[in-house]
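Letters go in sequence order (proteins before strands), and every chain restarts at 1.
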Protein chains: 2
Amino acid sequence: MSPTLDHTSGGCIAARQILDRVGDKWSIYIVMMLSEGPVRFNQLKRSIEGISQRMLTLTLRSLERDGLVTRTVFPTVPQSVEYALTDLGSTLLEPVSALAQWAQVNSTQIQRARADFDAGAGKADEQEVAGVTRIRFG
Amino acid sequence: MSPTLDHTSGGCIAARQILDRVGDKWSIYIVMMLSEGPVRFNQLKRSIEGISQRMLTLTLRSLERDGLVTRTVFPTVPQSVEYALTDLGSTLLEPVSALAQWAQVNSTQIQRARADFDAGAGKADEQEVAGVTRIRFG
DNA sequence: CCGTATCCTCATCGATACTG
DNA sequence: CAGTATCGATGAGGATACGG
């Protein structure tokens with residue numbers, strides 16, 4: 001393990017804040033769709049399976065507010081609006097991709113752990129119980 | 001920017017799954033508290049500001065189910081229970097810390113973006129509007 | 001000390017309908 | 001095409017009380 005992992009109080013707060021930002025239901029989908037260049041509103045809506053118009057608007061506004069995406073209106077008729085990652089938004093892709101990669105690498109292990117846990121649920125004699133290796137003093 | 005960022009369909013799914021896992025309100029706090037060694041239930045409860053007993057239990061169960069933490073019961077009187085990261089849980093700390101570091105580095109920039117956005121809200125003449133640089137065709 | 005059970009609240013999000 | 005407005009369901013999560 002790396003000895004330089006940041007698990008200080010500040011690190012916790014920072015982690016939570018960014019997870020609040022990008023941990024919602026749709027943000028990463030949008031960020032990843034925009035990773036290759038600007039995309040129009042309805043293009044996003046079509047390519048992100050299951051997103052509602054409402055949530056697409058809300059999530060884009062929120063990303064725009066945080067300086068992660070830009071919104072550009074083209075006054076054509078009918079109008080079209082393009083969304084694109086800012087430089088800041090682009091840099092976010094790196095740690096997010098690292099997380100995604102971790103997930104892909106360890107997904108089978110997690111699935112097995114879940115299956116094992118669910119299989120053993122309720123069986124008291126399968127629970128891990130340590131012997132009394134220490135006496136309480138206090 | 002790195003040319004090897006994974007924004008494939010599989011990468012999206014993987015990202016969402018891990019964010020569902022670790023993006024909830026309390027998981028990172030717990031994982032980070034356990035990063036330096038085993039901690040007992042009530043120690044966790046005391047050190048994680050604002051967590052309820054209910055949510056601590058639920059989140060720990062969920063982390064245990066996914067093979068990220070272990071639960072060890074010491075049959076002392078009264079009983080004590082220690083939680084610790086598994087090897088898998090430890091490896092998760094790295095991408096999570098990367099995210100936290102990104103958040104810390106860019107937090108001021110985000111705060112300013114928010115302030116700017118909120119200040120300009122409602123003022124139509126401040127919105128970014130592109131000229132008609134292309135004609136719609138179909 | 002370490003939980004589980006119950007109730008209650010509030011934010012999130014989908015569905016639908018309507019505007020420039 | 002790109003939104004906004006409104007409503008309703010759902011579920012996450014806090015408070016509290018109780019049990020092993």
Considering only D:dC1, D:dT4, C:dC1, which nucleotide approaches the side chain of A:Pro78 most closely?
D:dC1
Can you give me the closest heavy-atom contact between B:Thr59 and B:Ser27, atom names plus distance?
CG2-OG, 3.4 Å
Work out how much the helix from C:dC1-D:dG20 to C:dG20-D:dC1 bends between its end axes, five pairs an end, to the nearest 10 degrees.
40°
Measuring from the side chain of B:Arg71 (C-beta onward, heavy atoms only), which nucleotide among D:dA2, C:dC2, C:dG3 has the closest atom?
C:dG3
A quick test of your reading: do over 12 heavy atoms of other residues, nucleotides or ligands sit less than 6.0 Å from CZ of B:Arg112?
no
B:Leu56 CG to B:Trp26 CH2 distance, which is reported to the nearest 0.5 Å
9.5 Å
Okay, side chain of A:Thr86, backbone of A:Leu68: is any donor-acceptor separation there less than 3.5 Å?
yes
For B:Val39, which of B:Leu34, B:Val81, B:Ile30 qualifies under side chain to side chain contact (heavy atoms under 4.5 Å, CB included)?
B:Leu34
Quick one: is B:Tyr83 getting a side-chain N or O under 4.0 Å of the C:dC1 phosphate, OP1 or OP2?
no
Side chain of B:Arg61 - closest among C:dT4, D:dG13, C:dC2
C:dT4
Considering only nitrogen or oxygen atoms on both sides, find all protein atoms under 3.5 Å from nucleotides 14-17 of chain C and state each distance.
| residue | atom | partner | partner atom | Å |
| --- | --- | --- | --- | --- |
| C:dG14 | OP1 | A:Lys25 | NZ | 2.9 |
| C:dG14 | OP2 | A:Ser52 | OG | 3.4 |
| C:dG14 | N7 | A:Arg54 | NE | 3.3 |
| C:dG14 | O6 | A:Arg54 | NE | 3.3 |

Given atom CG of B:Leu56 and atom C1' of C:dC2, what is their separation to the nearest angstrom?
10 Å
I need the CG-P distance between A:Leu58 and D:dA2, as an integer number of Å.
16 Å
To the nearest Å, give me how far apart CG (B:Asp20) and P (D:dG11) are.
14 Å
Rounded distance (nearest 0.5 Å) linking atom CD of A:Gln43 with atom CD1 of A:Ile48
11.5 Å
Going through the distances and angles, do A:Phe117 and B:Glu64 end up as a side-chain contact (heavy atoms from CB on, under 4.5 Å)?
CA-CA 8 Å; A:Phe117 185 92; B:Glu64 187 193 2; 3.6 Å; yes
I need the CG-C1' distance between B:Asn42 and C:dC1, as an integer number of Å.
6 Å
Between B:Asp118 and B:Arg114, does a salt bridge (Lys or Arg N to Asp or Glu O under 4.0 Å) hold up when you go through it step by step?
CA-CA 6 Å; B:Asp118 294 348; B:Arg114 282 185 190 176; over 6 Å; no
Measure from the side chain of A:Ser80, starting at C-beta and using heavy atoms only, and say which of D:dG13, C:dG3, D:dA2 lies closest.
D:dA2
Length of the CD1-P vector between B:Ile48 and D:dG14, whole Å:
12 Å
Between B:Ser90 and B:Asp87, is the side chain to side chain donor-acceptor pair (under 3.5 Å) condition met? List the steps.
CA-CA 5 Å; B:Ser90 293; B:Asp87 290 348; 5.3 Å; no
